[in-house]
Colleague: 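I'd like to ask you about the structure that follows.
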There are 2 protein chains.
Amino acid sequence: MDVKTVCLGMLTDGEASGYDLKKNFESSFGHFFAAGYGSIYPALASLAEQGFVQCREIAQAGKPDRKVYRITEQGRQRLLEELDNPNPSHKVRSEFLATMCFAHLMTAEQIQTVLHNRIAEIERYMQLFDDFEASCMNESSGGMVFTVGLGRAYMNAMRGYIEEHGHMLFEAQETPKQNATA
Amino acid sequence: MDVKTVCLGMLTDGEASGYDLKKNFESSFGHFFAAGYGSIYPALASLAEQGFVQCREIAQAGKPDRKVYRITEQGRQRLLEELDNPNPSHKVRSEFLATMCFAHLMTAEQIQTVLHNRIAEIERYMQLFDDFEASCMNESSGGMVFTVGLGRAYMNAMRGYIEEHGHMLFEAQETPKQNATA
DNA sequence: CGCAACATGTAAGCGGTTACATGATTAC
DNA sequence: GTAATCATGTAACCGCTTACATGTTGCG
């Protein structure tokens, strides 16, 4: 399951351009599947080449032609095959947690800053979830609703844990050497 | 913050070989920072070349020489610089959630299987957390304890959410086309 | 006047995954 | 016998990130 497959899935909701899909990746998919233009445009080109999507160009004044993609029947079949995976992965890559493992090598201010920034980012995601529910809750599939709910649940758990247990990071500092920001 | 840096951090706990570090990556770091031998051995070689670690070879009968690495003073400085980042990332890449977004294109059995497997994986992580606490809780830094606690908190949140709200994925199935497993 | 939004792409590079290669010892 | 544990590495590959390239419209 890569960016290509997710694009294909998004297109089951109706036609869209690469630009449109990017907005989708930012809003509803942002918390668990990031993708930039550098992945999306090549993905769409490749899908078109394989016959999984069809492209319709719409001329525009002063802007590049808008390229709108629509999923084909082969594309739908392909998507179903991908969705058949019984054990899709869920991977976390956290520099944040890696950093916190070594909190005893950091100053209290450094730790405080990192924690503060993490909570701020969590709040941003929470805002995204609120926006999503405010705007497109009615037209959304149960799957999307589930996804947003799960995002909210685990962001909430993280925030709660940090607020309740973050203090333990400040205990047992060993020789807080002066910062080597050089 | 890449595999190299995390290896460097692990070595602040004492000397270790690549093989040792791998076990570390699997147990305590497994839920937020995966790394295989293909990343670890080259990372150690590169760190040694840069003077951030020193290598001591221990001959062994019938096995390759055991290469034990120790962090140097430059290595410690380097690590402190890396830890100075005020906004370390926390990224999720979830084929699981991506799949669930398109649950309305799947059969009930498929969804059930995916959910079941995800919960099984969460239980595995929970077991790892228990093992960690049973074995090395006393000697561990506050940071490691925090990390494991946070992992447990969000695994728990995920599991709870799936159990309480998973049912919504089965509503509103649209034309559950027969599977295209080809 | 400058920035954000609209709109599409390419190319280099990087970091991590996977597969391959080797081989003894110990426990079931 | 066969699987797991110990133990280290290389090399190809793959997919994503980042930077670059271009240009208009409209708002404050």
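Naming convention: chains lettered A, B, ... in sequence-line order (proteins, then strands); numbering from 1 in each chain.
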Colleague: Residues two or more places apart in sequence or in another chain: which of them pass salt bridge (Lys or Arg N to Asp or Glu O under 4.0 Å) with B:Asp130?
Modeller: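 So B:Asp130 forms a salt bridge (Lys or Arg N to Asp or Glu O under 4.0 Å) with B:Arg152.
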Colleague: Which residues pass the side chain to side chain contact (heavy atoms under 4.5 Å, CB included) test with B:His116, not counting sequence neighbours?
Modeller: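 In terms of side chain to side chain contact (heavy atoms under 4.5 Å, CB included), with neighbours along the sequence ignored, B:His116 is linked to no residue.
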Colleague: Should A:Asn85 and A:Met1 be marked as a side-chain contact (heavy atoms from CB on, under 4.5 Å) after you check the CA-CA gap, both sets of side-chain angles, and the distance that decides it?
Modeller: CA-CA 9 Å; A:Asn85 175 2; A:Met1 167 96 65; over 6 Å; no
Colleague: Among residues two or more places apart or on two chains, list those pairs meeting ring pair (Phe, Tyr, Trp, His ring centres under 6.0 Å) that have a residue in residues 33-77 of chain A.
Modeller: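 Every pair satisfying ring pair (Phe, Tyr, Trp, His ring centres under 6.0 Å) with a residue in residues 33-77 of chain A: A:Tyr37-A:Tyr41.
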Colleague: B:Lys22: what forms a salt bridge (Lys or Arg N to Asp or Glu O under 4.0 Å) with it, not counting sequence neighbours?
Modeller: B:Glu26
Colleague: What integer distance in Å separates A:Leu44:CG from C:dT8:P?
Modeller: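 For the pair A:Leu44 CG and C:dT8 P, the rounded distance is 9 Å.
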Colleague: Rounded off to whole Å, could you give me the OH-to-P distance for the A:Tyr69 and C:dA7 pair?
Modeller: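 Roughly 14 Å, once rounded to whole Å.
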Colleague: Partners of B:Ala16 by side chain to side chain contact (heavy atoms under 4.5 Å, CB included), sequence neighbours excluded?
Modeller: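 B:Ala16: side chain to side chain contact (heavy atoms under 4.5 Å, CB included) contacts with B:Leu11, B:Asp20, B:Leu21.
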Colleague: Among all residues two or more places apart in sequence or in another chain, which pass the ring pair (Phe, Tyr, Trp, His ring centres under 6.0 Å) test with A:His165?
Modeller: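 With sequence neighbours excluded, A:His165 shows a ring pair (Phe, Tyr, Trp, His ring centres under 6.0 Å) to A:Tyr161, given in chain and number order.
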Colleague: Looking at A:Gln60, I'd like to know whether one of its side-chain N or O atoms comes within less than 4.0 Å of OP1 or OP2 on C:dC6.
Modeller: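 Answer is no, no contact under 4.0 Å.
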Colleague: With axes from five pairs an end, tell me the bend angle of the helix from C:dC1-D:dG28 to C:dC28-D:dG1, nearest 10°.
Modeller: 50°
Colleague: Expressed in angstrom and rounded to an integer, what is the separation of B:Tyr41 atom OH from C:dA21 atom C1'?
Modeller: 14 Å
Colleague: Start with the C-alpha gap between A:Glu109 and A:Thr113, add the side-chain angles, then the distance that decides, and say whether side chain to side chain donor-acceptor pair (under 3.5 Å) holds.
Modeller: CA-CA 6 Å; A:Glu109 300 97 88; A:Thr113 305; over 6 Å; no
Colleague: Please state how far atom CG in B:Asp65 lies from atom P in C:dG23, giving the value in whole angstrom units.
Modeller: 15 Å
Colleague: Side chain to side chain contact (heavy atoms under 4.5 Å, CB included) with B:Tyr125: which residues, sequence neighbours excluded?
Modeller: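 So B:Tyr125 forms a side chain to side chain contact (heavy atoms under 4.5 Å, CB included) with B:His31, B:Glu121, B:Leu128, B:Phe129, B:Met155.
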Colleague: Under the salt bridge (Lys or Arg N to Asp or Glu O under 4.0 Å) rule, collect the residues that match up with A:Glu82, sequence neighbours excluded.
Modeller: A:Arg78
Colleague: Under the salt bridge (Lys or Arg N to Asp or Glu O under 4.0 Å) rule, collect the residues that match up with A:Arg159, sequence neighbours excluded.
Modeller: A:Glu123
Colleague: Once you round it to whole Å, what is the distance between C1' of D:dC6 and CD1 of B:Ile58?
Modeller: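 It is 14 Å, rounded to the nearest whole Å.
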Colleague: Please work out which residues in residues 16-27 of chain B have a non-hydrogen atom less than 4.0 Å from an atom of DNA chain C and list them by number.
Modeller: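 The stretch gives none, as no residue of it lies under 4.0 Å from the strand.
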Colleague: Which letters describe nucleotides 11-24 of chain D, given B = protein heavy atom under 4.0 Å from base, S = only from sugar-phosphate, - = neither?
Modeller: -----SBB-----S
